[in-house]
Amino acid sequence: MSGRPEEERPWVGGMYDYYLGGTANTAADRAAAEQIMTSMPEVRLTAWANRGFLQRAVKRMIEEWGIRQFIDLGAGLPTQRHVHEVAAESIPDCRVVYVDNDPRIVERGMVLLADTPHTTVIEADIRDYQAILSSPAVTKLIDFREPVGLLAIAVIQWIPNEDNPWGLISKYVDGLASGSYLAMTIPTGDYQADKVKSAIRQVYGTKTTRGVSRTHEEATRFFDGLEIVPPFQGAGPVVTYVGMWGAEDPEEADDDPARWVRAAVARKP
Ligand SMILES: C[S@@+](CC[C@H](N)C(=O)[O-])C[C@H]1O[C@@H](n2cnc3c(N)ncnc32)[C@H](O)[C@@H]1O
């Protein structure tokens with residue numbers, strides 16, 4: 001928005017940190033987040049359902065599938081039990097590259113990660129996949145001959161259809177070794193579609209960037225050519241809702257806030 005200093009503008013990552021109960025946000029983030037929560041208090045539960053999926057997916061990638069390095073696209077702030085913290089619970093030397101296009105996230109992230117080895121945060125627009133994959137900060141930590149955990153969690157809504165987000169994700173996957181995994185979450189365009197769209201429009205469309213929600217079919221297309229992992233016992237290889245992925249009791253985990261975002265993890269053959 002023109003005419004207002006940077007620090008007075010809410011940032012998506014700062015609002016998200018506030019939804020998660022973090023403290024690395026600004027007064028503008030809190031005000032914008034509170035505004036959205038007056039009409040949709042469940043957004044906090046949605047944010048946690050999304051973060052919970054990320055945590056379960058990362059843990060499984062490490063403990064069951066041997067992943068030792070992650071690239072996290074649209075990472076947000078490295079707070080509230082983010083990838084490097086989940087990884088550290090299982091192995092000591094997991095390598096993590098956080099990517100975000102918001103300079104304030106990157107600046108804050110670098111401070112927060114200053115004493116964390118094998119972890120970095122780089123400033124880039126995820127559309128610049130060639131620059132990201134060849135960046136010295138990335139190649140220093142990531143060995144592309146080995147499988148990678150590629151995360152695109154609650155970020156693809158910022159890439160409009162005209163920028164071909166499906167082609168973009170497949171460019172990243174093309175650069176990864178066989179046995180790599182892709183984990184994505186995608187805001188829904190067909191469950192409570194009006195509510196989700198109005199939320200995105202209400203704050204994100206006016207004060208930050210315009211976001212796009214997507215249907216089940218559109219979400220599933222991100223995993224074309226990959227082997228989708230069944231999200232819970234008894235399920236087929238399908239995209240599901242964030243709360244249900246990895247849930248011991250999927251029926252119990254299937255609530256409204258967790259149905260605002262779809263998720264899947266898939267293996268590159
Ligand atoms: C809702 S937060 C999600 C944070 C984290 N991935 C999670 O799910 O816990 C989305 C993040 O994506 C970043 N972002 C939005 N568009 C982006 C783009 N084109 N390239 C890189 N980062 C982007 C925002 O700055 C924000 O920090």
Flag for [Y]-[X]: side-chain donor and acceptor within less than 3.5 Å:
X      : Y      : value
Tyr16  : Asn25  : no
Arg214 : Asn161 : yes
Trp166 : Asp224 : no
Arg51  : Gln80  : no

Worked check of side chain to side chain contact (heavy atoms under 4.5 Å, CB included) between Thr79 and Leu112 = CA-CA 8 Å; Thr79 56; Leu112 291 166; 3.7 Å; yes

Spacing of [X] atom [atom1] and [Y] atom [atom2] [to the nearest 0.5 Å]:
X      : Y      : atom1 : atom2 : value
Thr23  : Arg30  : OG1   : CZ    : 9.5 Å
Asp128 : Asn101 : CG    : CG    : 9.5 Å
Thr188 : Glu218 : OG1   : CD    : 11.0 Å
Asp125 : Ile159 : CG    : CD1   : 5.5 Å
Lys59  : Ile67  : NZ    : CD1   : 15.0 Å
Asp174 : Tyr129 : CG    : OH    : 8.5 Å

ask   = Is the distance between the ring centroids of Phe70 and His84 less than 6.0 Å?
value =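 No, ring centres 6.0 Å or more apart.
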
query = Between Phe232 and Trp245, does the ring centre distance come in under 6.0 Å?
reply =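 No, they do not, as the ring centres are separated by 6.0 Å or more.
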
inquiry  = Would Ile169 and Ile156 count as a side chain to side chain contact (heavy atoms under 4.5 Å, CB included) here? Give the steps.
reply    = CA-CA 9 Å; Ile169 293 297; Ile156 209 68; 4.0 Å; yes

Under a 4.5 Å cut-off applied to non-hydrogen side-chain atoms, are [X] and [Y] in contact?
X      : Y      : value
Arg95  : Asp143 : yes
Leu226 : Val173 : yes
Val239 : Met184 : no
Leu168 : Ile126 : yes
Leu133 : Phe144 : yes
Gln55  : Trp48  : yes
Val12  : Asp102 : no
Arg68  : Ile62  : yes

ask   = Between Val106, Val111, Asp72, which is the residue that forms a side-chain contact (heavy atoms from CB on, under 4.5 Å) with Val121?
value = Val106

Test of understanding: clusters of I, L, V, M, F, W, Y form through side-chain heavy atoms closer than 4.5 Å, transitively. Do [X] and [Y] belong to the same one?
X      : Y      : answer
Ile228 : Leu176 : yes
Trp65  : Ile91  : yes
Leu45  : Leu20  : no

[X] side chain to [Y] main-chain N or O, any donor-acceptor pair under 3.5 Å?
X      : Y      : value
Asp29  : Thr26  : yes
Thr185 : Ala263 : no
Gln69  : Pro147 : yes
Thr46  : Pro257 : yes
Gln157 : Val155 : yes
Thr119 : Pro117 : yes

Looking only at heavy atoms, what is the nearest atom pair of [X] and [Y], with distance?
X      : Y      : value
Leu54  : His82  : CD1-CE1, 3.7 Å
Ala24  : Trp11  : O-CH2, 4.1 Å
Ala253 : Gly243 : CB-O, 3.2 Å
Ala247 : Arg56  : N-NE, 4.5 Å
Ser135 : Ile122 : OG-CD1, 4.3 Å
Gly13  : Leu77  : O-CD1, 4.1 Å

task = Please lay out, stage by stage, how Arg262 and Thr240 fare under the test side chain to side chain contact (heavy atoms under 4.5 Å, CB included).
result = CA-CA 5 Å; Arg262 288 200 171 87; Thr240 188; over 6 Å; no

message = Does the structure place the NZ or CZ of Arg44 under 6.0 Å from the centre of the six-membered ring of Tyr18, at an angle of no more than 45° from the ring's axis?
response =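 Here Arg44 passes the 6.0 Å and 45° test against Tyr18.
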
task = Take atom CD of Glu64 as the centre, draw a 6.0 Å sphere, and report whether it contains more than 12 heavy atoms from other residues, nucleotides or ligands.
result = yes

ask   = How far apart are the C-alpha atoms of Met61 and Leu151, what are their side-chain angles, what is the distance that settles it, and do they pass the side chain to side chain contact (heavy atoms under 4.5 Å, CB included) test?
value = CA-CA 11 Å; Met61 284 190 206; Leu151 312 173; 3.9 Å; yes

request  = Decide yes or no on salt bridge (Lys or Arg N to Asp or Glu O under 4.0 Å) for Arg81 and Glu89, but give the supporting numbers first.
outcome  = CA-CA 10 Å; Arg81 201 164 166 257; Glu89 293 162 10; 2.7 Å; yes

